[in-house]
Amino acid sequence: MTDQELMAEAIQLARKKMLAGAGGPFGAIIARDGVIIARGWNQVTSSNDPTAHAEIVCIRNACAALKTFDLSGYELIINCEPCPMCLAAAYWARLTRIVYGADHNDAAAIGFADAFIYQELGRSKKHRSLQMHQLMPLEARQGLRLWLELENKILY
């Protein structure tokens with residue numbers, strides 16, 4: 001399938017699932033060389049999971065299908081530009097490329113504004129609206145250092 005055909009598929013998936021009451025107006029596809037590996041749609045309200053964005057669901061489905069956490073060489077096709085969480089997940093999954101339809105301004109126009117998250121990330125921790133407090137850093141670091149000693153760890 002071409003990028004245009006994959007995008008049409010993502011748009012149709014979003015529309016179908018939204019009209020069925022499965023969640024918000026977002027659909028995602030992961031493909032390689034034009035072959036669809038996984039699909040995902042927004043399931044935030046239907047699953048009561050604020051992380052169940054179309055891209056996250058699609059990444060989870062692709063990783064499960066391929067039995068890997070590394071999606072290098074795969075592409076994410078979504079009907080709308082990803083939010084900061086989904087963009088970060090795409091980086092963690094090592095996706096090669098993202099193709100999107102509508103942009104974040106289009107999402108904001110229908111009530112899905114994520115600009116405040118980008119603003120928050122630019123602020124120092126003490127000035128963010130979500131308060132953060134560090135506690136027991138030395139003890140926490142000891143547990144993290146244990147990772148270095150594990151012989152059977154899988155790096156990611």
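Bear in mind the structure is a predicted one, so any value in this text is a computation, not a measurement.
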Could you check whether any side-chain N or O of [X] sits under 3.5 Å from a backbone N or O of [Y], counting only pairs where one atom can act as donor and the other as acceptor?
X     : Y      : value
Glu81 : His104 : yes
Asn42 : Gly24  : yes
Glu5  : Thr2   : yes

Under the side-chain contact (heavy atoms from CB on, under 4.5 Å) test, residues paired with Lys153 that sit two or more places apart: Trp147, Leu150, Leu155
Qualifying residues under side-chain contact (heavy atoms from CB on, under 4.5 Å), relative to Cys80, sequence neighbours excluded: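 Testing Cys80 for side-chain contact (heavy atoms from CB on, under 4.5 Å), a comparison that skips the adjacent residues, returns Phe26, Ala102, Ala107.
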Intermediate values then yes/no, side chain to side chain contact (heavy atoms under 4.5 Å, CB included), Ile30 and Ile77: CA-CA 6 Å; Ile30 290 180; Ile77 298 90; over 6 Å; no
Is it true that, when you exclude [X] itself, more than 12 heavy atoms of the residues, nucleotides or ligands shown sit nearer than 6.0 Å to its [atom1]?
X      : atom1 : result
Asp103 : CG    : yes
Arg15  : CZ    : no
Leu130 : CG    : no
Glu139 : CD    : yes
Tyr100 : OH    : no

Steps toward side chain to side chain contact (heavy atoms under 4.5 Å, CB included) verdict (Met1, Val35): CA-CA 6 Å; Met1 298 177 81; Val35 177; over 6 Å; no
Beyond-backbone contact of Asp49 with Val44, side-chain heavy atoms, under 4.5 angstrom: no
Pair Phe69-Arg94, side chain to side chain contact (heavy atoms under 4.5 Å, CB included): steps then yes or no: CA-CA 9 Å; Phe69 56 84; Arg94 297 184 180 108; 3.7 Å; yes
Leu76 vs Ile78, side chain to side chain contact (heavy atoms under 4.5 Å, CB included): CA-CA, chis, key distance, verdict: CA-CA 6 Å; Leu76 177 65; Ile78 45 181; 3.9 Å; yes
Short N-O contact, Glu75 and Arg97, less than 4.0 angstrom: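 Arg97 and Glu75: salt-bridged.
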